[in-house]
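Data block below; observations after.
Worth knowing before you read on, the calculation uses all heavy atoms, side chains too, and leaves out hydrogens, waters and symmetry mates. So you know, we letter chains A, B, ... as the sequences are listed, proteins then strands, and number each from 1.
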Number of protein chains: 2
Amino acid sequence: MDDPKPYHHGNLREALIEAAIEILHESGVGDLSLRATAARAGVSRMAPTHHFGGKDGLLGAVAARAYENFAATMQSEFDRAEENAHEKMRAICKGYLMFARNEPALFDLILSDETRFQWTDELTISSAKSYEVLRSTCAMFKPSKHGPEITETLIWSLIHGYAALSRRTPVSQEFDFREIFAMLDELHLTPKGQVPRR
Amino acid sequence: MDDPKPYHHGNLREALIEAAIEILHESGVGDLSLRATAARAGVSRMAPTHHFGGKDGLLGAVAARAYENFAATMQSEFDRAEENAHEKMRAICKGYLMFARNEPALFDLILSDETRFQWTDELTISSAKSYEVLRSTCAMFKPSKHGPEITETLIWSLIHGYAALSRRTPVSQEFDFREIFAMLDELHLTPKGQVPRR
DNA sequence: AAATGAACTTGACGGCGTCAAGATTTTGTA
DNA sequence: TACAAAATCTTGACGCCGTCAAGTTCATTT
């Protein structure tokens, strides 16, 4: 019925997003241009503008893809973790950091000011999906006395800030999650239906 | 002896940094260019490149200035706070957020990937000064059992992440510090020489 | 079969960073 | 004081960039 290759190139929009991500993997966000994306996809320089409306649009579409990948990485770690609130929380933080380290260019895009790309509904959905993984994990713990959303904001800020900071200090520590696990311990989170320790 | 206006323009380097910061205040980091900076300072387009080596260099110099401003904002809040570890900690977090909100363009620059500007010794010193304000405040509390530097990393990550996230959600909350104060409470920090509560 | 419109291309324009080379002014030195 | 050297700043040129405007090609509709 709605076969997704109805025109000249055959799903050029998708090919352009993939080309852009390839450039991000190879060169970083600073070297991503509409013209380079077009060249890699083998089309003329205005083709990306036609599909995305401009550079903001392309970056927005790539950011949405990045958020999908991001959510999937966290969800994957969540799924393979033990059925235990603390282990689940560790898992999504681990997934968060794995994404930041394995996909630095995509993480930069997410990290960067939203004024750099167009904030479409697609992007809202993708980023909400990422946030939902975190939110549901936080819901496994007793809420803060200051309000139920404080825990989410606390964890989200902590992991986001830690990931951002560890981007710029390339300490050899490669894949050491002890530091983030230690910080999680300091929060003294209490799983629901369990008496607080200490 | 060493009067700092010995040549053509008279401390053009300084004038260029100020011009760049004016552009940042008016238009944001995306509209800052070497050529626009030169035009605003009333010199030819290659003058900034001569002084800073290129765009990376100018951005680095401006970032150093931003860090100075940043450290001063935190220090100012620190100084006017009560002589109490918890109040001091609240004060520097408040200063951090005030800077992020009052100087969004400068904060963006600091926040952005270090690959966007040249990381000079001057910048290392300025950013270390900012970190030192935070470090000394964290030292007022008992160290984590996981290591003495965990508290610093925890606070730094938390406030950095919160500031970055609240940049992109322009909730009207203008200058509401209750949320960050609530999160600080959740950390159950214990000032040195005091028995832990609860 | 003709028309409509979507999918692309090509031309042109101004803005960008920067290499290279020239011009101007200060500074070091004999 | 005179002259060389160095620092400061300018101008020209180049290629890359995003994008407006106007084409061309192709698929679908009528």
Tell me the interatomic distance from A:Arg116, atom CZ, to D:dG18, atom C1', rounded to whole angstroms. 15 Å
For C:dC8, take OP1 and OP2 only and decide whether either is under 4.0 Å from a side-chain N or O of A:His51. yes
Rounded distance (Å) that lies between atom C1' of D:dC26 and atom NE2 of A:His50: 13 Å
Could a donor-acceptor pair under 3.5 angstrom be found where the side chain of B:Arg45 meets the base of C:dG15? no
Whole-Å distance between D:dC17 P and B:Asp31 CG? 19 Å
Under the side chain to side chain contact (heavy atoms under 4.5 Å, CB included) test against B:Cys138, which residue among B:Leu189, B:Ile155, B:Val133 passes? B:Ile155
Has A:Ser44 got a side-chain N or O lying under 4.0 Å from the OP1 or OP2 atom of C:dC8? no
From CA spacing to verdict: ring-ring contact (aromatic ring centres under 6.0 Å, His included), B:His160, A:Tyr162: CA-CA 8 Å; B:His160 187 84; A:Tyr162 181 70; over 10 Å; no
May I have the distance from A:Ile23 (atom CD1) to D:dC17 (atom C1'), rounded to whole angstrom? 13 Å
Could you tell me how far apart A:Arg40 (CZ) and D:dC16 (P) are, to the nearest whole angstrom? 16 Å
Between D:dT19 atom P and A:Leu34 atom CG, what is the distance in whole Å? 6 Å
Can you figure out which of D:dT19, C:dG17, C:dC19 approaches the side chain of B:Ser33 most closely? C:dG17
How close or far is atom P of D:dC17 from atom CG of A:Asp56, stated in whole angstroms? 17 Å
Identify whether the distance between the nearest side-chain nitrogen and carboxylate oxygen of B:Glu186 and A:Lys145 falls below 4.0 Å. no
I'd like to know if A:Glu132 pairs up with A:Lys129 as an ion pair, taking the criterion as any Lys NZ or Arg NE/NH1/NH2 lying under 4.0 Å from an Asp or Glu carboxylate oxygen. no
Which of these nucleotides, D:dT10, C:dT10, C:dT18, is closest to any side-chain atom of A:Met46? C:dT10
Test the B:Arg65-B:Phe117 pair against the cation-pi criterion, namely NZ or CZ under 6.0 angstrom from the six-membered ring centroid and within 45° of the ring axis. no
Round to the nearest Å and state the distance from B:Lys55 atom NZ to D:dC17 atom C1'. 12 Å
So, does the side chain of A:Arg35 form a donor-acceptor pair with the base of D:dG18 at under 3.5 Å? yes
